[in-house]
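Report on one structure; see the data block that follows.
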Amino acid sequence: MNDWQRKSPLDWETYVNKMVKVVAIEKHEYEGWVLTVDPVSASIVLATFLENEKVSVSVVLGHAVQEVEILKEGDDDMKQRLSCIFAPEESKAYSPEELEKRKNDLKTWLETNHIPVTEQGESGRTLCVAGVLTIDPPYGPEECSSSNEIILSRVQGLIQGYLEK
């Protein structure tokens, strides 16, 4: 076990949102912004911004890490860019008012088609269909969740058809 693997998650957290240079075994070097460090394997997830707003994400396995050097602190703008890397495209595009409208429109459409739907959660952001399926913002087929695969598939198909109209 190397020094990097012996660190605690609190130690690794100090590297998040910082530009680092990682020296790994066989003299491999990697540079990038630390998105996270896996607490089990000590692997480092690095993001590098390319041209055209593209992002390259790479993982340096914890057992291979020999040295990590902080090159630069991330400012608030960089922290925001890093936090959005894995956010779904749809969730970035909607204001709270737009999300409320999408929720209400979908709820009305489901009720019009005789599908029982209620609002759940303390803020009422989640729609619940027939007590067995939930739909979270931004209320598309990908945000449906159910343990019943048949109902999940059918409701996702209905929502996809509704959104295409």
Side-chain angles (χ1 to χ4, degrees), residues 1-96 98-99 102-103 106 120-123 125-129 132-157 159-160 163-164:
M1 191 182 272
N2 62 35
D3 289 342
W4 177 256
Q5 289 174 296
R6 285 190 194 92
K7 289 185 182 289
S8 75
L10 290 174
D11 294 331
W12 292 322
E13 191 177 25
T14 62
Y15 291 88
V16 173
N17 295 327
K18 295 185 174 129
M19 170 69 88
V20 298
K21 178 168 98 177
V22 179
V23 178
I25 55 175
E26 298 182 11
K27 296 190 168 87
H28 289 286
E29 290 188 0
Y30 305 90
E31 276 190 23
W33 293 92
V34 178
L35 286 171
T36 190
V37 178
D38 177 55
V40 176
S41 67
S43 298
I44 305 171
V45 181
L46 297 174
T48 309
F49 294 95
L50 311 170
E51 61 274 353
N52 311 3
E53 289 298 308
K54 299 267 186 210
V55 180
S56 170
V57 176
S58 54
V59 177
V60 182
L61 300 179
H63 71 274
V65 175
Q66 291 183 327
E67 185 183 328
V68 180
E69 176 188 349
I70 296 175
L71 302 175
K72 191 161 101 178
E73 297 280 331
D75 58 9
D76 289 339
D77 189 41
M78 181 53 70
K79 288 177 185 173
Q80 179 64 34
R81 284 180 74 187
L82 292 169
S83 71
C84 290
I85 288 176
F86 292 114
E89 285 297 319
E90 301 86 26
S91 67
K92 297 177 192 172
Y94 301 111
S95 69
E98 289 172 315
L99 285 175
R102 284 178 64 93
K103 179 186 79 172
L106 179 59
Q120 276 188 338
E122 50 196 63
S123 59
R125 290 173 41 108
T126 301
L127 293 177
C128 182
V129 177
V132 294
L133 180 136
T134 58
I135 310 168
D136 292 311
Y139 309 103
E142 302 82 24
E143 288 75 40
C144 293
S145 177
S146 176
S147 59
N148 185 320
E149 291 181 32
I150 295 169
I151 291 174
L152 177 63
S153 174
R154 294 218 174 126
V155 172
Q156 284 177 319
I159 293 173
Q160 187 64 46
L163 291 174
E164 288 171 359

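Note that the structure is predicted; figures quoted are calculated from it, not measured.
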(message) To the nearest 0.5 Å, what is the distance between CH2 on Trp12 and CG on Asp38?
(response) 8.0 Å
(message) Testing the basics here: between Trp33 and Leu82, what is the closest heavy-atom pair and its distance to 0.1 Å?
(response) CB-CD2, 3.6 Å
(message) Looking at Asn52 and Lys54, would you say the former's side chain and the latter's main chain have a donor-acceptor pair under 3.5 Å?
(response) no
(message) Counting neighbours of CD1 on Ile150 that are heavy atoms of other residues, nucleotides or ligands and sit closer than 6.0 Å, is the number greater than 12?
(response) no
(request) Identify the two heavy atoms, one from Ile159 and one from Gly140, that lie closest to each other, and give their separation to 0.1 Å. (result) CG2-C, 4.0 Å
(message) Ignoring hydrogens, what is the shortest heavy-atom contact between Thr48 and Glu31? Give both atom names and the distance.
(response) OG1-O, 3.5 Å
(request) May I ask you to test the Ile85-Phe49 pair for a side-chain heavy-atom distance under 4.5 Å? (result) yes
(request) Calculate, to the nearest 0.5 Å, the distance between atoms NZ and NZ belonging to Lys21 and Lys72 respectively. (result) 15.5 Å
(message) In the structure I gave you, are the side-chain heavy atoms of Leu46 and Val34 within less than 4.5 Å of one another anywhere?
(response) yes
(request) Answer whether the closest heavy-atom distance between the side chains of Val155 and Ser146 falls below 4.5 Å. (result) no
(message) Does Val22 form a side-chain contact (heavy atoms from CB on, under 4.5 Å) with Tyr15? I'd like the steps, not just the answer.
(response) CA-CA 11 Å; Val22 179; Tyr15 291 88; over 6 Å; no
(request) Mind listing the closest non-hydrogen atom pair of Ser43 and Gly62 along with its distance? (result) OG-N, 3.2 Å
(request) Drop me the distance from Asp11's CG to Asp3's CG, to the nearest 0.5 angstrom. (result) 11.5 Å
(request) Measure across Val60 and Val65 and return the closest heavy-atom pair with its distance rounded to 0.1 Å. (result) CG1-CG2, 3.8 Å
(request) In sequence, state the C-alpha distance, the side-chain angles, and the governing distance for Ile70 and Val68, and then conclude on side-chain contact (heavy atoms from CB on, under 4.5 Å). (result) CA-CA 7 Å; Ile70 296 175; Val68 180; 5.6 Å; no
(message) Within this structure, what is the CG-NZ distance for the pair Asn2 and Lys7, rounded to the nearest 0.5 Å?
(response) 10.0 Å
(message) Side chains of Gln66 and Val23, heavy atoms from C-beta outward: is any pair under 4.5 Å?
(response) yes
(request) Using distance alone, with no hydrogens and no angle criterion, decide if Gln156 and Gln160 have a side-chain donor and acceptor under 3.5 Å apart. (result) no
(request) Applying side-chain contact (heavy atoms from CB on, under 4.5 Å), run through Phe86 and Val57 and close with a yes or a no. (result) CA-CA 10 Å; Phe86 292 114; Val57 176; 4.2 Å; yes
(message) Are Lys103 and Arg125 packed together at the side-chain level, in the sense that at least one heavy-atom pair is separated by less than 4.5 angstrom?
(response) no
(request) Please report the shortest heavy-atom distance between Ala24 and Tyr30, naming the atom on each side. (result) CB-CE1, 3.9 Å
(message) Atom CD of residue position Glu69 - does it have more than 12 heavy atoms of other residues, nucleotides or ligands inside 6.0 Å?
(response) yes
(message) Working to the nearest 0.5 angstrom, can you tell me the gap between Leu35 CG and Ile44 CD1?
(response) 11.5 Å
(request) Calculate, to the nearest 0.5 Å, the distance between atoms CG and OG1 belonging to Leu133 and Thr126 respectively. (result) 11.0 Å
(request) With the side chain counted from C-beta on, respond yes when Arg102 and Leu163 share a heavy-atom pair under 4.5 Å apart, and no when they do not. (result) yes
(request) Could you tell me whether the side chain of Glu143 reaches within less than 4.5 Å of the side chain of Pro137, counting heavy atoms only? (result) no
